[in-house]
Engineer: 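Following this message is one structure expressed as structure tokens.
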Amino acid sequence: MRITIVAVGRLKEKFWAEAVAEYVKRLGRYCQLEIIEAADEATREGAAEGEVRIVKQREGERILSKIRDDGYVVALAIEGRAMDSVEFSNHLSQLGVQGKSHIYFVIGGSLGLSEEVIARADESLSFSRMTFPHQLMRVILLEQLYRACRIANHEPYHK
């Protein structure tokens, strides 16, 4: 299975980069993994609704330019479907059985995802109703992908 994570913004802090590198290394035995960063837009604090929409649209265009037409797209969004780790593992396995060999996970910027990205997504997934920094969300996603692979391979994992 090929997994591509398209994430808005760069990892600025060393500790985020180290955590991502560790999970990328661990996942290497289970899947072909790629992380693509899309540039984020500068947003002034207290931006008006129109400005927010423009920022999300610009970031969305960058995200969509990184996704191939034949890819299966999972948008990470608070409003998405929630599942536990075993369900997530089973879901990924089922996607593989259905011939979805290239899965994109999309992590938006600080303002979220544009309507165009949500419309392109084949599904939306929520890890929580809480809001997380997009840099932390990248680590959480990688950890859950690693856990899902361990579960699918009947290997022990921490409950």
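Only heavy atoms go into these numbers, but all of them, side chains included; no hydrogens, no water, no symmetry mates. Quick caveat, the model's predicted, so the values are computed rather than measured.
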Engineer: Looking only at heavy atoms, what is the nearest atom pair of Arg138 and Val20, with distance?
Structural biologist: CD-CG2, 4.1 Å
Engineer: Cut-off 3.5 Å, side chains only: do Tyr72 and Gln98 have a donor facing an acceptor?
Structural biologist: no
Engineer: Determine whether Glu34 and Ile3 satisfy the following criterion, side-chain contact (heavy atoms from CB on, under 4.5 Å), listing intermediate values before the conclusion.
Structural biologist: CA-CA 6 Å; Glu34 177 182 23; Ile3 295 174; over 6 Å; no
Engineer: Hey, does the side chain of Glu87 reach the backbone of Asp84 with a donor-acceptor pair shorter than 3.5 angstrom?
Structural biologist: yes
Engineer: State, to 0.1 Å, how close Val8 and His134 come at their nearest heavy-atom pair, and which atoms those are.
Structural biologist: O-CD2, 3.1 Å
Engineer: I would like to know whether Asp122 and Val74 meet side-chain contact (heavy atoms from CB on, under 4.5 Å); could you show each step before the answer?
Structural biologist: CA-CA 6 Å; Asp122 295 289; Val74 179; over 6 Å; no
Engineer: Go through it in stages, so that I can follow the logic: the residues are Glu143 and Arg26, the test is salt bridge (Lys or Arg N to Asp or Glu O under 4.0 Å), and I'd like the CA-CA distance, side-chain angles, deciding distance and then a yes or no.
Structural biologist: CA-CA 9 Å; Glu143 190 280 332; Arg26 291 181 186 193; over 6 Å; no
Engineer: Can you name the side chain to side chain contact (heavy atoms under 4.5 Å, CB included) partners of Arg129, sequence neighbours left out?
Structural biologist: none
Engineer: Treating Ile, Leu, Val, Met, Phe, Trp and Tyr as nodes and any side-chain heavy-atom pair under 4.5 angstrom as an edge, say whether Ile36 and Leu142 lie in one connected cluster.
Structural biologist: no
Engineer: Can you name the nearest heavy-atom pair linking Ile118 to Ala75, along with the distance?
Structural biologist: CD1-CB, 4.1 Å
Engineer: Taking only Lys NZ, Arg NE, NH1 and NH2, and the carboxylate oxygens of Asp or Glu, determine whether Lys66 and Glu61 approach each other closer than 4.0 Å.
Structural biologist: no
Engineer: Mind checking what makes side chain to side chain contact (heavy atoms under 4.5 Å, CB included) contact with Glu49, not counting sequence neighbours?
Structural biologist: Arg53
Engineer: Taking only residues at least two apart or on different chains, which pairs with a member in residues 99-113 satisfy side chain to side chain donor-acceptor pair (under 3.5 Å)?
Structural biologist: Thr4-His102
Engineer: I would like to know whether Gln144 and Ser85 meet side-chain hydrogen bond (donor to acceptor under 3.5 Å, both in side chains); could you show each step before the answer?
Structural biologist: CA-CA 7 Å; Gln144 285 299 304; Ser85 297; 2.7 Å; yes
Engineer: Are the side chain of Glu59 and the backbone of Glu41 linked by a donor-acceptor contact shorter than 3.5 Å?
Structural biologist: yes
Engineer: Within the distance-only criterion (no hydrogens, no angle test), does the side chain of Arg81 pair as donor or acceptor with the backbone N or O of Leu125 below 3.5 angstrom?
Structural biologist: no
Engineer: Step by step, would you call Leu76 with Val106 a side-chain contact (heavy atoms from CB on, under 4.5 Å)?
Structural biologist: CA-CA 6 Å; Leu76 297 173; Val106 179; over 6 Å; no
Engineer: Taking atom CD as the centre, does Glu115 end up with more than 12 heavy-atom neighbours from other residues, nucleotides or ligands that are less than 6.0 angstrom away?
Structural biologist: no
Engineer: Taking side chain to side chain contact (heavy atoms under 4.5 Å, CB included) as the definition, give me every residue that meets it alongside Asp70, ordered by chain and number, with sequence neighbours left out.
Structural biologist: Arg68
Engineer: In the single-linkage hydrophobic clustering (I, L, V, M, F, W, Y; side-chain heavy atoms under 4.5 Å), do Leu113 and Met137 co-cluster?
Structural biologist: no
Engineer: Are Val117 and Ile35 in one and the same hydrophobic cluster, where Ile, Leu, Val, Met, Phe, Trp and Tyr link if side-chain heavy atoms are under 4.5 Å apart?
Structural biologist: no
Engineer: Within the distance-only criterion (no hydrogens, no angle test), does the side chain of Ser124 pair as donor or acceptor with the backbone N or O of Gly80 below 3.5 angstrom?
Structural biologist: no
Engineer: What residues join Leu111 in its hydrophobic cluster, counting side-chain heavy atom gaps under 4.5 Å, either direct or through other members?
Structural biologist: Val52, Val55
Engineer: Kindly work out whether a path of hydrophobic side-chain contacts (I/L/V/M/F/W/Y, heavy atoms less than 4.5 Å apart) joins Ile103 to Leu145.
Structural biologist: yes
Engineer: Tyr30 and Glu155: side-chain contact (heavy atoms from CB on, under 4.5 Å), yes or no, with the steps?
Structural biologist: CA-CA 12 Å; Tyr30 299 105; Glu155 297 171 357; 2.3 Å; yes
Engineer: Can you list the other members of the hydrophobic cluster that holds Ile54, where links are side-chain heavy atoms under 4.5 angstrom apart?
Structural biologist: none
Engineer: When you check the gap from the basic side-chain N to the acidic O, do Lys56 and Glu116 get nearer than 4.0 Å?
Structural biologist: no
Engineer: Answer yes or no: is there a donor N or O on one side and an acceptor on the other, between the side chain of Arg62 and the main chain of Ala39, under 3.5 Å?
Structural biologist: yes
Engineer: Looking only at atom types and distance, does a side-chain atom of Ser114 sit under 3.5 Å from a main-chain N or O of Gln57, one as donor and one as acceptor?
Structural biologist: no
Engineer: Could you tell me which non-hydrogen atom of Leu11 sits nearest to which non-hydrogen atom of Ala17, and how far apart they are?
Structural biologist: CD1-CA, 3.9 Å
Engineer: Is it the case that one hydrophobic cluster holds both Leu136 and Tyr23, taking links as side-chain heavy atoms less than 4.5 Å apart, direct or via other members?
Structural biologist: yes
Engineer: Can you confirm whether Arg10 is buried at CZ, in the sense that more than 12 heavy atoms of other residues, nucleotides or ligands lie under 6.0 Å from that atom?
Structural biologist: no
Engineer: Taking the side chain from Asp40 and the backbone from Gly109, do they hold a donor-acceptor pair closer than 3.5 Å?
Structural biologist: no
